[in-house]
Amino acid sequence: MIATVTRALVEDFLFREAALLDEWRLDEWLTLFEPGATYEVPTTDRPNADPHSSQYYVWDDHELLTARVRRLKSKHAHAENPHSRTRRLITNVRVGEPAGAEIPAYAAFLIYKIRDGNVDQFVGRYEHTLVAGGEGLRFRKRRAVLELEVLRPGGRLSFIL
Amino acid sequence: MKPAAQQRDYEGLFVRWEELYKRAHYGKLHIKRTEVPVVDSRQGTSQFYVMPQFEELSLTQWVVFVRDHTGVPSGRHTHQGGITIFGVEGDGYSVVNGHRFDWTAEDAVLLPIVPGGLDHQHFRARDDRPSKFMGIIYEPLVVGLGAEMVQLEPQTRSTEWQAAQIGKVSENGIAAAPKAPTLAGLLELRERQRTTLRPPALIRRADLPVDRNGFGELRWYVHPAAPGFAGTAPMFVFTQRLDAGQSSDLLTMPGNGYLYVLAGTPTVEVDDESFACERGDIVCLPPRRNGLTLGVRAGREESRGRCLRCERSYRMARRHERRASPGMAQTTTTLPRVKVTDRRSPYVIEDWGARTFRVNREVFRSTEIFAREQERIWDRHWLYLGHESEVPKPGDFKQRTLAGRPLIFARDSTNKVRAYLNSCPHRGTMLCRETEGNAKTFQCFYHAWTFANTGELVGIPDAGAYPPERGFAAEMGLRSLPRFENYRGFVFVSFTATGPSLSDHLADARDYLDMMVDHSERGLQVIPGTHMYAIRGNWKLAVENAMDGYHFSPTHVTFIEYLKNTGYVTSDEGGRAITLENGHSVLVFSGHGGRVGMQWEPRFGPEQQLRVEENIRRLTARVGEERAKRIAGTSRILYLFPNLLLFDIEGLALRQLEPVRPDFTDVRAWELAPATETPEELELRIRILGSFIGPGGLATPDDVEAYECVQRGVVATAGDERPHVDWSDISRGMAREAEGQPARNVDEAGIRGFWRHWDDEIAGART
């Protein structure tokens with residue numbers, strides 16, 4: 001059990017996560033989620049809407065998240081096969097006030113997605129909820145909020161944002 | 001017209017054929033019994049409905065009469081056979097070459113083609129009973145025809161037909177055709193026919209099996225596949241019976257025949273015309289250049305529709321549109337007869353002889369075509385703007401670009417939904433610069449002119465510098481759109497003031513839209529959160545993709561795998577593609593997943609089953625059982641030309657296409673939910689649809705990959721003049737449809753319908 005969660009710890013966690021994703025090590029990445037965790041990406045026009053009653057881009061419970069990973073590992077996920085090259089720049093990391101076991105973690109992200117001669121940029125912020133456990137930090141909620149007005153020109157969130 | 005008879009030169013032939021063509025296409029179709037005079041002739045008392053010399057009629061090669069020999073026997077004469085005597089009333093007997101055949105109403109006596117012809121005479125059976133028959137003569141057979149070629153393959157799709165008991169005819173007629181079409185094989189066939197050739201045959205209605213299909217209950221009297229001598233006659237003679245209120249399927253066929261009403265008051269539909277008929281009427285079915293489309297609808301009263309049908313037999317029907325059959329969902333409104341003909345424009349080639357449909361790939365690349373689309377389609381048609389529930393409260397507004405023009409989509413303070421050009425009437429400044437919000441007025445930041453959300457100019461700083469008359473302010477209000485209409489919450493606009501009404505434009509697509517809205521007694525609402533994304537592809541690729549059931553398995557294989565892991569196995573069995581009018585089309589299917597609120601699937605969880613039952617109970621109470629079954633039990637993807645796709649599938653979604661460049665399209669997508677849905681069901685709906693649709697779903701990204709890869713791929717073939725290379729092939733399913741089978745969702749009929757209409761708008765005759 002970690003006594004205090006410092007920014008350095010959260011950064012290490014996020015940088016490590018970014019490396020796993022950029023290297024397409026998805027099974028390992030999936031272990032960063034606690035059972036029952038969620039992954040969400042709201043739409044650009046309603047970033048603070050309630051996902052129970054609003055349309056999101058991504059609103060995965062753990063089961064759907066697992067299905068998403070299984071799909072991305074398949075040769076037949078045509079949108080990501082061949083894989084995009086990605087490079088995630090994670091910055092402006094802050095740790096919020098813990099509430100019980102939950103540790104809010106904030107960051108800015110800039111993700112370059114490179115494929116088919118296109119370099120698409122996705123910029124936004126992370127509003128995660130982490131929990132500390134025996135193996136270190138894990139996601140309870142992984143939330144990515146885009147600053148883009150629309151997904152343009154790159155119209156896919158087939159990779160992990 | 002005498003010139004034809006006297007012109008003995010080549011031109012005379014053209015004149016004659018032109019006359020025959022005109023008769024077939026413009027001649028009279030409906031002959032009422034009451035207008036056919038009863039005359040005496042050397043054969044007896046008759047009503048001659050059709051004779052070749054009746055020049056106003058569309059049929060030109062037939063003699064059709066009803067002879068009444070209740071009083072006296074008919075005359076006796078000899079001529080070639082190929083004739084059917086069909087009893088229409090009472091009882092009688094015919095004596096043919098010395099043989100007597102007793103018949104009653106709806107029995108038939110077939111007089112075959114034999115060397116020397118036949119002599120025959122007809123009598124009433126009893127003094128106290130009427131005796132009338134119809135003589136059916138296809139002139140070319142009687143006028144002089146010997147042996148003829150017999151088809152070596154079975155004919156049209158009604159071939160569930162088994163060997164019938166035709167009187168006592170033996171069964172080894174033309175049962176076994178030779179395997180290879182050789183001369184020896186043909187001679188063997190002929191010999192077999194000659195030895196099994198029967199004397200004139202009596203066909204009793206009571207002995208005929210019933211052939212049930214989408215055309216009703218048919219009984220075949222004469223059919224090329226029938227054994228015995230009947231098989232040598234190139235005719236169809238059959239009766240067709242429909243239940244009260246039933247509509248037959250539509251068949252587009254070569255024509256050359258007629259329909260005679262035996263009972264009931266059916267409506268007979270021939271191409272674009274429709275005739276309310278009574279017993280004893282005839283409707284001619286002439287041979288028309290592109291075939292003739294026939295449908296029969298029985299009257300609504302207790303008497304059913306029953307007709308006698310006689311036609312020159314043909315190899316294949318052109319097109320068969322199902323209307324009556326059980327199984328897949330059918331619209332209860334009359335399907336429009338979308339005439340399908342060959343086409344050869346610079347961009348679209350359609351050739352039913354070769355079963356080919358090709359689209360020139362320049363349509364995806366060309367800036368010139370893109371500009372023409374802007375002018376002829378986007379600036380003229382009804383375009384989907386948005387749903388009224390996107391601006392739910394008075395004062396709500398949203399910016400929206402449509403056909404490249406920035407607009408304001410709003411609900412004014414009087415609660416009316418509106419659309420304005422987002423351009424200040426003063427000097428053109430973009431007036432509303434917030435993407436969305438709520439306001440009573442719009443103020444242009446540049447010179448502070450202020451407009452009420454109802455459109456009036458209500459404030460000009462230092463207004464004294466302008467003409468004081470009221471006229472100026474009235475002229476300078478917000479610009480509304482030339483046409484605006486709200487159909488059940490779906491708001492459509494047009495940038496042109498003239499053209500068909502929205503209702504006319506939607507035509508039969510409206511019913512599919514209704515089926516979506518009818519999910520709930522209070523209609524649908526767009527839920528918050530819009531998918532807004534761009535695809536690096538031409539807008540027409542997104543239309544093709546949505547109307548393409550063929551891609552579902554290969555493209556979405558990972559989604560199908562995911563569903564399988566949840567316990568649902570997908571299927572395309574029974575899926576259909578229906579081409580509607582005005583460029584719209586719809587795919588109808590039921591094997592891709594459940595439907596939240598309407599049809600259960602393992603992913604939905606056990607509590608949903610009860611909710612579904614309750615929803616269906618309420619739906620049935622609202623719209624009746626048959627319609628409720630269709631709404632609940634099948635999924636639909638509807639395309640409304642030009643810019644809207646509606647998904648009535650696991651959930652309800654809209655996808656709006658906004659072209660930017662030939663290779664770039666903006667897409668907006670919304671999710672709808674029934675206004676009366678519980679929070680639990682709404683949450684389920686969102687989860688289920690979200691797993692599939694949208695940039696973050698498990699399926700749409702692969703569609704985006706498809707659009708974008710086509711856009712990249714078609715560059716390779718640009719300018720290549722080798723045949724077919726720079727053309728996309730969209731012919732899948734044409735062979736089946738040519739044989740009269742309905743279009744499947746996994747074939748490409750839905751896409752063809754779109755291209756035909758697009759081609760009419762862009763390259764074709766429409767102005």
Side-chain angles (χ1 to χ4, degrees), chain A residues 38-84 113 115-118 120 122 144 146 148-161, chain B residues 398 435-436 526-537 554-563 565-566 603 651 653 660 664-673 677 679-680 682-683 685-687 689-691 693-709 712:
Chain A
T38 60
Y39 162 41
E40 56 189 57
V41 181
T43 60
T44 52
D45 62 335
R46 285 277 187 285
N48 296 314
D50 179 358
H52 297 83
S53 54
S54 315
Q55 184 173 231
Y56 264 44
Y57 280 124
V58 175
W59 187 40
D60 289 357
D61 58 12
H62 198 246
E63 200 184 308
L64 188 53
L65 180 63
T66 308
R68 183 180 293 275
V69 166
R70 187 177 300 126
R71 163 186 147 78
L72 285 176
K73 286 163 56 187
S74 161
K75 273 197 161 27
H76 301 116
H78 311 295
E80 285 302 330
N81 198 279
H83 284 336
S84 302
K113 175 179 177 289
R115 191 176 187 265
D116 305 328
N118 299 311
D120 293 331
F122 297 84
L146 287 159
L148 301 174
E149 290 175 309
V150 301
L151 293 176
R152 193 190 216 253
R156 303 176 211 188
L157 292 178
S158 42
F159 60 106
I160 305 295
L161 194 63
Chain B
K398 279 191 154 120
T435 50
E436 54 179 302
V526 168
I527 65 173
T530 312
H531 288 175
M532 293 185 278
Y533 56 102
I535 58 173
R536 293 179 173 107
T555 305
H556 299 305
V557 54
T558 56
F559 186 77
I560 290 170
E561 190 62 37
Y562 157 67
L563 279 186
N565 291 338
T566 69
R603 273 192 302 169
V660 177
F664 201 90
T665 306
D666 281 332
V667 181
R668 302 90 176 237
W670 299 270
E671 181 167 358
L672 296 160
E677 200 157 57
E680 297 79 27
L682 176 62
E683 180 181 324
R685 171 185 294 282
I686 290 168
R687 280 191 194 285
L689 190 68
S691 69
I693 225 168
L698 303 190
T700 299
D702 292 337
D703 289 321
V704 175
E705 174 78 349
Y707 319 142
E708 298 189 341
C709 283
R712 290 161 63 203

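Just so we're on the same page: letters track the sequence lines, and every chain starts at 1.
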Tell me whether R603(B) is salt-bridged to E63(A), with the criterion being a basic N under 4.0 Å from an acidic carboxylate O. no

Are any of the side-chain heavy atoms of T44(A) and T530(B) separated by less than 4.5 Å? no

Structural part of R46(A) lying under 4.5 Å from a heavy atom of chain B: side chain

Residue S74(A) versus chain B: region with a heavy atom under 4.5 Å: side chain

Any ion pair linking D45(A) and R668(B) (charged N to carboxylate O, less than 4.0 Å)? no

Given the rule in the side chain to side chain contact (heavy atoms under 4.5 Å, CB included) test, do H52(A) and L682(B) qualify, once you have shown the distances and angles that lead to the verdict? CA-CA 7 Å; H52(A) 297 83; L682(B) 176 62; over 6 Å; no

Just do the side chain to side chain contact (heavy atoms under 4.5 Å, CB included) check on Q55(A) and I686(B) with the steps written out, would you? CA-CA 6 Å; Q55(A) 184 173 231; I686(B) 290 168; 5.8 Å; no

Side chains of N81(A) and E705(B): does their closest heavy-atom pair fall under 4.5 Å? no

Are D703(B) and R156(A) ion-paired here, with the side-chain N under 4.0 Å from a carboxylate O? no

Is the shortest heavy-atom distance from the side chain of L64(A) to the side chain of Y562(B) under 4.5 Å? yes

In terms of heavy-atom proximity below 4.5 Å to chain B, should N48(A) be classed as side chain, backbone, both, or neither? neither

Non-hydrogen atoms of chain B under 4.5 Å away: do they reach the side chain of P51(A), the backbone, both or neither? backbone

Decide side chain to side chain contact (heavy atoms under 4.5 Å, CB included) for H78(A) and V557(B); before the verdict, give the C-alpha distance in whole Å, the side-chain angles of both, and the deciding distance to 0.1 Å. CA-CA 9 Å; H78(A) 311 295; V557(B) 54; 4.2 Å; yes

Of L148(A), L161(A), N118(A), the largest count of non-hydrogen pairs under 4.5 angstrom with chain B goes to N118(A)

With chain A, the option among Y533(B), F559(B), W670(B) that has the most non-hydrogen atom pairs under 4.5 Å is Y533(B)

